[in-house]
Enquirer: 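Below is one structure. I have some questions about it.
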Amino acid sequence: QELPEMVLLKFFRPENTPVPARPTPEQLSNLIKTSLHYPESFNHSFHQKSLCLVPVTLLLSNCSQAVVDVMIDLRHKTTSPEALEIHGSFTWLGQTQYKLRLKSQEVYSLQLKACFVHTGVYNLGTPRVFAKLADQVTLFETSQQNSMPALIIINNI
């Protein structure tokens, strides 16, 4: 049986290869997608223990093909009077800032704890997430698109 003739492939590159365009602010604000995972409602006996601690997982997904530096800031508080009337205030326990480097398409899970002192409806969607391409020398990261409010109901039992 005769083998088919081998053909050499020739690869060439045009001389005027365009330089990759700088990502737009729109693209930079969508490098990282975030989602919060937590129970919809949480039962706690405030008579036995005054502090109610709820585990919350912040999932960070690098949507780009590039390595991305991420900064998470939990110190941000909702200060608008309407939001406080509806949701009240709570505190994130432990470390308040995180710096991470996510590889292309990497998903990272960050374990957090929310602390409540009263029953009520709260918005857990307060973490601010900033990101920049790891190979870019910029003084500040771009704020990432925030998801919808993440409401949790704290009940007294």
Enquirer: What I'd like to find out is whether the side chain of Val54 reaches to under 4.5 Å of the side chain of Ile152, using heavy atoms alone.
Expert: yes

Enquirer: Specify the closest pair of heavy atoms between Ala150 and Gly125, including all atoms of both residues, with the distance to one decimal.
Expert: CB-N, 3.8 Å

Enquirer: How many angstroms lie between atom SG of Cys63 and atom CD of Glu106, to the nearest 0.5 angstrom?
Expert: 12.5 Å

Enquirer: Is any side-chain heavy atom of Phe46 closer than 4.5 Å to one of Ile157?
Expert: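 No - every pair of side-chain heavy atoms lies 4.5 Å or more apart.
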
Enquirer: Linking directly or through intermediates, with side-chain heavy atoms under 4.5 Å: list the remaining ILVMFWY members grouped with Val67, chain and number order.
Expert: none

Enquirer: Sequence neighbours left out, what passes side chain to side chain contact (heavy atoms under 4.5 Å, CB included) with Ser104? Give chain and number order.
Expert: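 Per chain and number, Ser104 pairs via side chain to side chain contact (heavy atoms under 4.5 Å, CB included) with Gln65.
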
Enquirer: What distance do Ser89 atom OG and Asn123 atom CG have between them, rounded to the nearest 0.5 Å?
Expert: 11.5 Å

Enquirer: Let me confirm one number: the CG-NZ distance from Asp69 to Lys132, rounded to the nearest 0.5 Å.
Expert: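 Output value for this atom pair is 4.5 Å.
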
Enquirer: More than 12 heavy atoms of other residues, nucleotides or ligands under 6.0 Å from CD of Gln97: is that the case?
Expert: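 Check passes, neighbour count above 12.
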
Enquirer: Are Asn62 and Tyr108 side-chain neighbours, meaning at least one heavy-atom pair lies under 4.5 Å?
Expert: no

Enquirer: Is the shortest side-chain heavy-atom distance between Val70 and Phe130 below 4.5 Å?
Expert: no

Enquirer: Does Thr126 reach the side chain of Trp92, with side-chain heavy atoms less than 4.5 Å apart?
Expert: yes

Enquirer: What residues form a side chain to side chain contact (heavy atoms under 4.5 Å, CB included) with Ser50, not counting sequence neighbours?
Expert: none

Enquirer: Can you find a pair of side-chain heavy atoms, one from Ile154 and one from Tyr122, that are under 4.5 Å apart?
Expert: yes

Enquirer: When the side chains of residues 110-119 are checked against the rest of the protein, which donor-acceptor pairs come out under 3.5 Å, sequence neighbours left out?
Expert:
{"residue": "Gln111", "atom": "OE1", "partner": "Thr57", "partner atom": "OG1", "Å": "3.1"}
{"residue": "Gln111", "atom": "NE2", "partner": "Ser109", "partner atom": "OG", "Å": "3.0"}

Enquirer: With a 4.5 Å limit on heavy-atom distance, are the side chains of Leu60 and Val107 in contact?
Expert: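 A side-chain contact under 4.5 Å is absent here.
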
Enquirer: List the residues meeting side chain to side chain contact (heavy atoms under 4.5 Å, CB included) with Thr96, not counting sequence neighbours, and say none if there are none.
Expert: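 By the side chain to side chain contact (heavy atoms under 4.5 Å, CB included) rule, Thr96 matches Arg75.
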
Enquirer: Are Leu59 and His37 close enough that some pair of their side-chain heavy atoms sits under 4.5 Å apart?
Expert: yes

Enquirer: Nearest 0.5 Å please: distance from the OG1 atom of Thr34 over to the CZ atom of Arg128.
Expert: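 Between Thr34 OG1 and Arg128 CZ, I get 13.5 Å after rounding to 0.5 Å.
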
Enquirer: Let me confirm one number: the CZ-CG distance from Phe42 to Asn156, rounded to the nearest 0.5 Å.
Expert: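 Phe42 CZ to Asn156 CG: 12.5 Å, rounded to 0.5 Å.
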
Enquirer: Rounded at 0.5 Å granularity, tell me how far CG in Leu102 sits from OG in Ser64.
Expert: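 Leu102 CG to Ser64 OG: 9.0 Å, rounded to 0.5 Å.
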
Enquirer: So which residues get pulled into Leu93's cluster when ILVMFWY side chains under 4.5 Å apart are joined, directly or through others?
Expert: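 Under the 4.5 Å side-chain rule, Leu93 groups with Leu53.
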
